[in-house]
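Quick notes on the structure that follows.
Values in this document were obtained by computation on a predicted structure and should not be read as measured data. All chains are named by letter (A, B, ...) in the order of the sequence lines, taking the proteins before the strands, and each is independently numbered beginning at 1.
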Amino acid sequence: MQNRLGKKFYIREVTTVAKELLGKTFVKIVDGETVSAKIVEVEAYYGAIDEAAHSFGGKTKRNKVMFNEGGSLYVYFIYGTHYCCNVVTGLQNDGSAVLIRAVEPLTGIDYLAENRYGKTKLTEKELMGLTNGPGKICKAFNITKKENGIDLSGEEVFLLDAKKVDKSKIVQTVRVGIKKSAELPWRFYLKDNPFVSRI
DNA sequence: ATCAAGATTACCT
DNA sequence: GGTAATCTTGATA
């Protein structure tokens with residue numbers, strides 16, 4: 001039986017939460033249907049010491065959700081075309097969050113496919129590319145600025161606990177796609193999982 | 001008021 | 001491999 005992750009889970013040090021998010025289940029309820037996916041790749045961002053974090057340099061209209069107490073969803077718009085989805089962690093005003101970079105679809109795959117490709121019959125290649133990147137996840141789950149700031153203890157979007165992933169399965173590397181603080185090894189993914197965005 | 005850069009992706013050669 | 005797509009913020013005038 002899977003239980004919802006509680007407030008305590010999120011209000012901890014951001015890299016700890018990032019690591020433990022691997023293997024957990026991301027759920028969105030759409031018209032009573034459960035759309036879910038396993039988290040396989042994440043990155044940690046921490047405003048106090050991390051120049052690459054949106055929260056570095058203080059609160060703005062765009063990033064204010066990142067300063068919430070852990071357990072909110074932070075969605076931002078980037079490059080004029082893509083949304084990315086983060087789980088806020090830590091205490092109020094921490095400015096820390098975990099970016100969800102890749103997930104493995106579990107249920108509601110037709111919903112994800114329809115949003116991403118406008119069809120439900122997918123080739124093997126399309127299936128593998130369904131949710132293996134931060135922008136793709138938001139497209140597939142139809143997560144937009146409407147979802148920014150929502151509480152993960154609500155009934156629409158939340159996370160389920162899962163069996164703890166063995167430490168030997170977690171790979172830790174540097175983050176992808178950033179120029180500032182690029183050396184911080186705050187990216188975590190599940191070893192050998194085919195849905196990880198890049199190796 | 002104008003402008004460049006950004007936690008990305010898809011489509012081109 | 002290169003680049004267009006085209007929103008938000010923060011710097012400069």
Side-chain angles (χ1 to χ4, degrees), chain A residues 10 13-19 21-22 26 37 39-68 70 72-90 94-105 112-119 122-150 152 157 159 171-190 194-199:
Chain A
Y10 303 106
E13 205 261 320
V14 62
T15 53
T16 306
V17 179
K19 252 179 286 192
L21 276 173
L22 292 173
F26 181 88
I39 298 171
V40 301
E41 180 182 350
V42 297
E43 286 177 3
Y45 288 87
Y46 182 37
I49 57 168
D50 176 9
E51 284 188 68
H54 289 167
S55 49
F56 184 85
K59 208 183 275 192
T60 67
K61 201 170 174 183
R62 180 209 206 187
N63 70 17
K64 64 177 185 200
V65 173
M66 247 184 119
F67 291 87
N68 285 357
S72 297
L73 198 68
Y74 168 47
V75 183
Y76 64 87
F77 197 46
I78 192 75
Y79 299 123
T81 37
H82 301 290
Y83 289 100
C84 294
C85 155
N86 300 243
V87 174
V88 178
T89 65
D94 244 17
S96 63
V98 177
L99 170 71
I100 313 287
R101 283 195 56 87
V103 300
E104 174 182 336
L112 301 173
E114 189 67 38
N115 285 329
R116 278 271 288 137
Y117 300 110
K119 61 179 184 177
L122 300 187
T123 64
E124 184 72 10
K125 203 173 162 186
E126 286 168 332
L127 178 64
M128 299 312 292
L130 192 54
T131 53
N132 64 344
K136 296 176 183 179
I137 295 170
C138 289
K139 186 97 195 286
F141 276 85
N142 194 22
I143 289 170
T144 68
K145 57 174 178 280
K146 287 198 307 296
E147 277 74 25
N148 188 30
I150 65 172
L152 291 173
V157 180
L159 299 179
V171 183
Q172 177 169 5
T173 63
V174 294
R175 293 173 293 183
V176 174
I178 54 171
K179 301 207 174 130
K180 292 175 274 188
S181 297
E183 75 286 354
L184 291 172
W186 286 357
R187 172 171 178 247
F188 304 93
Y189 64 88
L190 289 181
F195 288 89
V196 168
S197 67
R198 313 173 37 173
I199 307 297

Taking [Y]'s backbone N and O only, do any of them form a donor-acceptor pair with [X]'s side chain (distance below 3.5 Å, no angle check)?
{"X": "N86(A)", "Y": "A97(A)", "result": "no"}
{"X": "Q172(A)", "Y": "P185(A)", "result": "yes"}
{"X": "S197(A)", "Y": "A102(A)", "result": "no"}
{"X": "R116(A)", "Y": "G129(A)", "result": "yes"}

[atom1] of [X] versus [atom2] of [N]: gap in Å, rounded?
{"X": "I78(A)", "N": "dC7(C)", "atom1": "CD1", "atom2": "P", "result": "13 Å"}
{"X": "L184(A)", "N": "dA7(B)", "atom1": "CG", "atom2": "P", "result": "14 Å"}
{"X": "Y83(A)", "N": "dA7(B)", "atom1": "OH", "atom2": "C1'", "result": "16 Å"}
{"X": "K125(A)", "N": "dT9(B)", "atom1": "NZ", "atom2": "P", "result": "16 Å"}
{"X": "E51(A)", "N": "dA5(B)", "atom1": "CD", "atom2": "C1'", "result": "15 Å"}
{"X": "I100(A)", "N": "dA7(B)", "atom1": "CD1", "atom2": "C1'", "result": "13 Å"}
{"X": "K136(A)", "N": "dC11(B)", "atom1": "NZ", "atom2": "C1'", "result": "13 Å"}
{"X": "E126(A)", "N": "dT9(B)", "atom1": "CD", "atom2": "C1'", "result": "15 Å"}

[N] OP1/OP2 closer than 4.0 Å to side-chain N/O of [X]:
{"X": "R101(A)", "N": "dT8(B)", "result": "yes"}
{"X": "K179(A)", "N": "dG6(B)", "result": "yes"}
{"X": "R175(A)", "N": "dT8(B)", "result": "no"}
{"X": "H54(A)", "N": "dT9(C)", "result": "no"}

Between [N] and [M], how far apart are the two [atom1] atoms, rounded to whole Å?
{"N": "dA5(C)", "M": "dT13(B)", "atom1": "P", "result": "15 Å"}
{"N": "dT8(C)", "M": "dA10(B)", "atom1": "C1'", "result": "22 Å"}
{"N": "dG1(C)", "M": "dA7(B)", "atom1": "P", "result": "22 Å"}

Under 4.0 Å, heavy atoms only, any strand: does [X] hit a base, just the sugar-phosphate, or nothing?
{"X": "N86(A)", "result": "base"}
{"X": "R116(A)", "result": "sugar-phosphate"}
{"X": "K61(A)", "result": "sugar-phosphate"}

As a test of reading the structure: which of dT8(B), dA10(B), dT9(C) is closest to the side chain of T60(A), going by heavy atoms? dT9(C)

Side-chain contact check for P134(A): nearest option of dT9(C), dA7(B), dT9(B) is dT9(B)

Secondary-structure notation, DNA chain C, from Watson-Crick and G-U pairs under 3.5 angstrom (| other strand): |||||.||||||.

Where does the angle between the aromatic ring planes of F26(A) and F141(A) fall among parallel (under 30°), tilted (30 to 60°) and perpendicular (over 60°)? perpendicular

Below 30° counts as parallel, above 60° as perpendicular, anything between as tilted: where do the rings of Y83(A) and F77(A) land? tilted

Are the ring of Y79(A) and the six-membered base ring of dT8(B) within the stacking cut-offs of under 5.5 Å and under 30°? yes

Under a 4.5 Å cut-off applied to non-hydrogen side-chain atoms, are F188(A) and V98(A) in contact? no

Report the residue (H82(A) or K145(A)) whose heavy-atom-nearest nucleotide on DNA chain C is the more 5′ of the two. H82(A)

When you check the gap from the basic side-chain N to the acidic O, do E41(A) and R101(A) get nearer than 4.0 Å? yes

